[in-house]
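Input: a single structure, listed below in structure tokens.
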Amino acid sequence: MRVKAFQSVFFVAVVVLLAWLPASFFAAGVGAPGTFDRFMWVATGGTEQSTQVLNFGSTGVPVLSPLVPQIDTDGGLPRVSTGGQLHNPAGNPVAVSAAGRVSALNVAKAVGRVAAAFSGPLFAGVALYDLYKELGFDLTTNPDGSTSLTKVDLSVCTVAPCYEYGTPAGWSSSPLQSCQSYVASRSADHAVFQSVTSRDCYFSVNGSPGYSYSFDLRQVAPSLTGQIPSSSQDFVDAVSAKSGWPSSSAIARVLADPAAGQPDKIPVEQVTATGPATSPGAVKTSTETLPDGTVKTTTATTTYNHNYSGPL
């Protein structure tokens, strides 16, 4: 006869320090073993109570067989994951994993460091070059050897008929730009921009809405490129504005660049830990001789129930 003895033991993995991502160890989306800092293991229940501080690469008791951290994208912010093994109260290994996100602000800071590290031209296949293209930017080499950064301007007309939009403040290639310039020129009237269409600019004057100006139109030749001059800061701002990255994005490879973590490591936030719901404990076998002379064997297996909580 086999009997399972279930012992209610809470096995809690709690993030107790901010995790840091040492990007200098990265290669193609693979991080360093020291990605995550510390986790606390608290086991309670029955007569057993124990507390240990375990970690994925710094102080405390190291996890067993730590996995190499991975960087990937799944539609949200870049995700960093790793794993390893902890010991349950019986000393048996329990596989656990941990994952966290890199905030949009910290992604932008890391990308800015990578962009600043490149002084020469970039070529197709380089992660940063691919990210430029992904966000609508283009880095070209000039005849004198310098580089120029441009970006796609959706307001630029590339297919005829194309027009410029005029007001007393001047001409512009888009109704929005023309309207904003006109409203700014009427600062003495305390004019405030309200809305714009392809023909009219709407604004308020001295707090009273309902004012408008109909654009003057003149036909112009289509733009050959649809791009306008840009800067590295424009590129970094575009990275910071993104709250999600597709799985095909080059952002994971850019974060793996050694320059991304210099001089500071990249913080990983919203870290959570997961693992199995149960793990086996000690197996005890006992025998008993019954009145009829037969021997009864009983096997009792302790099963530990695990719960994980985090982030702290």
Side-chain angles (χ1 to χ4, degrees), residues 19-32 34-36 68-82 99-156 158 223-271:
W20 296 91
L21 183 66
S24 59
F25 291 93
F26 288 172
V30 178
T35 295
F36 296 97
V68 176
Q70 302 289 320
I71 311 170
D72 61 69
T73 51
D74 56 3
L77 292 168
R79 188 174 71 104
V80 183
S81 59
T82 188
R101 302 280 180 179
V102 182
S103 71
L105 177 61
N106 287 318
V107 170
K109 289 180 179 179
V111 170
R113 288 193 286 268
V114 176
F118 280 91
S119 58
L122 296 175
F123 301 97
V126 176
L128 183 62
Y129 178 88
D130 293 341
L131 189 62
Y132 276 133
K133 289 292 189 181
E134 183 180 331
L135 296 183
F137 291 79
D138 190 25
L139 188 71
T140 57
T141 304
N142 301 317
D144 63 357
S146 63
T147 58
S148 297
L149 186 65
T150 59
K151 67 177 178 180
V152 174
D153 185 353
L154 298 179
S155 68
V156 174
T158 57
S223 170
L224 297 178
T225 64
Q227 293 185 320
I228 59 175
S230 187
S231 66
S232 294
Q233 187 59 52
D234 291 334
F235 172 61
V236 172
D237 289 344
V239 172
S240 180
K242 285 189 68 66
S243 59
W245 299 86
S247 58
S248 59
S249 174
I251 190 63
R253 290 187 290 126
V254 173
L255 291 179
D257 190 283
Q262 301 298 329
D264 301 314
K265 297 178 182 179
I266 306 172
V268 180
E269 302 164 351
Q270 304 174 22
V271 182

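- Taking T73 as the reference, nothing meets the side-chain hydrogen bond (donor to acceptor under 3.5 Å, both in side chains) condition, with sequence neighbours excluded.
- Side chains of I71 and R79 form no contact here, defined as non-hydrogen atoms less than 4.5 Å apart.
- We find that D138 and K151 are not joined by a salt bridge, their nearest charged nitrogen and carboxylate oxygen being 4.0 Å or further apart.
- For the pair V254 and V114, the minimum side-chain heavy-atom distance is below 4.5 Å.
- Under the 4.5 Å side-chain criterion, counting only non-hydrogen atoms from C-beta, V239 is in contact with L135.
- Of all heavy-atom pairs spanning R101 and D74, the tightest one is NH1-OD1, 2.9 Å.
- Not counting sequence neighbours, the partners of S231 by the side-chain hydrogen bond (donor to acceptor under 3.5 Å, both in side chains) test are D234.
- Side-chain atoms of V111 and I251, non-hydrogen and from C-beta on, do get closer than 4.5 Å to each other.
- K109 contributes atom NZ, which lies 7.5 Å from atom OG of S103 (distance to the nearest 0.5 angstrom).
- In this structure, the separation between CG on L255 and CG on N106 is 10.0 Å, given to the nearest 0.5 Å.
- Counting only residues at least two apart or in different chains, side-chain hydrogen bond (donor to acceptor under 3.5 Å, both in side chains) contacts with residues 236-250 comprise E134-S249, Q233-D237.
- Classification of the F137-F235 ring pair by plane angle, with boundaries at 30° and 60°, yields perpendicular.
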